[in-house]
Each structure stands twice: as C-alpha cells, then as structure tokens.
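Data block below; observations after.
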Amino acid sequence: MRTAVVYYSYSGNTHRVGQLIIGVLKSKGEDGIPVRIRPLKEEVSFIKQCRDAFMRKKPKIYRTMLDLKDYDRIILGSPVWAFNAAPAISTYLEECRSIEGKEAICFVTYGSGAGKDKTLKAMKEKLTERGAKVVAEVSFQQNEGLESCREKLEKIL
Ligand SMILES: Cc1cc2nc3c(=O)[nH]c(=O)nc-3n(C[C@H](O)[C@H](O)[C@H](O)COP(=O)(O)O)c2cc1C
C-alpha cells in the first residue's frame, strides 16, 4: 500500500510525528511519502494564526502533491490551532484531487488539548465529504514521548 503522509507543521511537532509515521510504515515494509504543506506566506503572529484558523481561512499553498492518484491511502496531520486545523490544511482539503475512495487516517498534535476532538471531527468530516474513507484517528500531545507515539501508531497502521 502506498501512503501519502500529508501534514502542516509550524514549530516541528507535527513534522516529527509525520517522520515517525514514515518510520513505522517502513518497519512494516510499506512505502510512505512525506508531503509537508507550506503556505505561500507563512503567518508568524500567534494572534493572526489563531484568527485565521478560527475564521477557517484558506491561504494559498505551494502546489505540492495535490493529486493523490498514485496513493492508496492518505494520512493527514495538523496542529490544533484555536480549536481548529491549521489554515493550510483547510486549503489542502479543498484543493487535493483523486482522494475519492481512498483510505484515510487523520492525526493532530496539540498543547492543552482544548479543541483537539473538535479538530479531528472537522478533519474527518471534510475527508468524508471529499469521498475518502476515514478508518482511524489519533492525537499526540506536543511533549509526548517517542515510544508512546510509536505505540499509538503501531496500533492503527
Ligand atoms: C496559533 C496556535 C494556536 C494553538 N491553539 C491550540 C488549541 O486551541 N488547543 C491546543 O491544544 N493547542 C493549541 N496550540 C498548540 C499546538 O497545537 C501544538 O503546539 C502543536 O503540537 C504544534 O504543532 P507544530 O509544532 O507542528 O506546529 C496552538 C498553537 C499555536 C501556534
């Protein structure tokens, strides 16, 4: 099974989980391709990041790997920002193609945990609306140890 591991990461936590996913897939003899989504203009102000996430803004993103035709499965990851997915993830979910009928897993990384379930629910709903079949979801606290993360991933991958 070929898996696209698509994620946005501002400060590196979601990226680290993305890398771990690639490693776990590899240990099972599976191919995982990392796709780090980047907005054309990265917002650096915490307040504006929260505002944009809360308002479900969809910033322009670099047009990397929007077409998922070569993949059987998509694993989509976002940090929780103001109880929502990061804006770049909203853009990706709107603009990606060939996602219909594909298996999907979503994950979030978070700080306090406020809004993490809501964020996962919204990501699942959007993936389902786009025709993907969401089979699992998982969340990781920003300071969670590597072993704990790996255990969670091994249960669902
Ligand atoms: C703008 C912003 C808003 C955030 N809002 C939340 C939140 O609502 N709930 C929460 O649990 N964590 C929140 N966090 C913490 C991040 O979700 C957490 O640090 C995450 O792991 C960051 O991922 P990254 O390093 O991949 O960017 C927020 C962080 C930022 C920068």
Side-chain angles (χ1 to χ4, degrees), residues 3-27 31-66 68 71 73-96 99 104-130 132 134-157:
T3 304
V5 184
V6 180
Y7 59 90
Y8 169 77
S9 182
Y10 180 68
S11 53
N13 301 329
T14 315
H15 173 67
R16 277 193 287 280
V17 176
Q19 296 296 105
L20 191 59
I21 291 171
I22 304 284
V24 172
L25 289 173
K26 205 169 188 178
S27 72
D31 247 3
I33 305 299
V35 182
R36 186 168 182 170
I37 303 170
R38 293 187 189 270
L40 294 191
K41 185 183 167 294
E42 189 83 72
E43 182 53 72
V44 296
S45 146
F46 177 80
I47 299 291
K48 289 182 182 164
Q49 288 172 337
C50 287
R51 177 202 63 192
D52 291 352
F54 191 73
M55 292 173 72
R56 310 261 168 91
K57 285 222 172 145
K58 296 189 183 67
K60 286 200 166 69
I61 56 174
Y62 285 99
R63 307 192 65 73
T64 327
M65 273 274 301
L66 283 171
L68 294 161
Y71 298 90
R73 173 165 70 176
I74 173 174
I75 300 182
L76 184 69
S78 177
V80 178
W81 275 13
F83 321 112
N84 285 281
I89 289 290
S90 303
T91 310
Y92 189 87
L93 276 168
E94 200 72 33
E95 296 186 356
C96 65
I99 192 169
I105 292 174
C106 39
F107 72 94
V108 292
T109 68
Y110 62 90
S112 68
K116 80 175 163 62
D117 294 335
K118 174 178 174 277
T119 303
L120 278 169
K121 185 165 176 271
M123 287 168 72
K124 271 194 297 186
E125 278 172 6
K126 190 64 192 178
L127 282 162
T128 306
E129 190 187 305
R130 293 294 321 270
V134 182
V135 296
E137 64 181 71
V138 60
S139 55
F140 305 91
Q141 208 278 331
Q142 61 187 14
N143 298 319
E144 194 163 331
L146 202 63
E147 270 321 302
S148 165
C149 297
R150 198 193 308 276
E151 269 174 33
K152 284 183 181 173
L153 288 169
E154 277 174 350
K155 279 190 194 136
I156 57 167
L157 293 176

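One-based numbering, in listed order, for ligands and for the atoms of each. The figures here come from the full heavy-atom set of this structure, side chains too, leaving out hydrogens, waters and symmetry mates.
- Results of the side chain to side chain contact (heavy atoms under 4.5 Å, CB included) test with T14 over V108, I89, T109 single out T109 as the only residue that passes.
- Separation of atoms CZ (R36) and NE2 (H15) is listed at 5.5 Å; rounding is to 0.5 Å.
- Listed by first and then second residue, the salt bridge (charged side-chain N to carboxylate O under 4.0 Å, His left out) pairs involving residues 139-153 are E144-K152, E147-R150 (not counting sequence neighbours).
- Applying the salt bridge (charged side-chain N to carboxylate O under 4.0 Å, His left out) rule to R51 yields no partners; only residues at least two apart in sequence or on another chain are considered.
- Residues lining ligand 1 at a heavy-atom distance below 4.0 Å are given as S9, Y10, S11, G12, N13, T14, F46, Q49, C50, P79, V80, W81, A82, F83, T109, Y110, G111, S112, G113, A114, Q142, ordered by chain and residue number.
- One N or O on the side chain of Q49 and one on the backbone of E43 form a donor-acceptor pair closer than 3.5 Å.
- Pairs engaging residues 105-123 under the salt bridge (charged side-chain N to carboxylate O under 4.0 Å, His left out) rule: K121-E125 [sequence neighbours left out].
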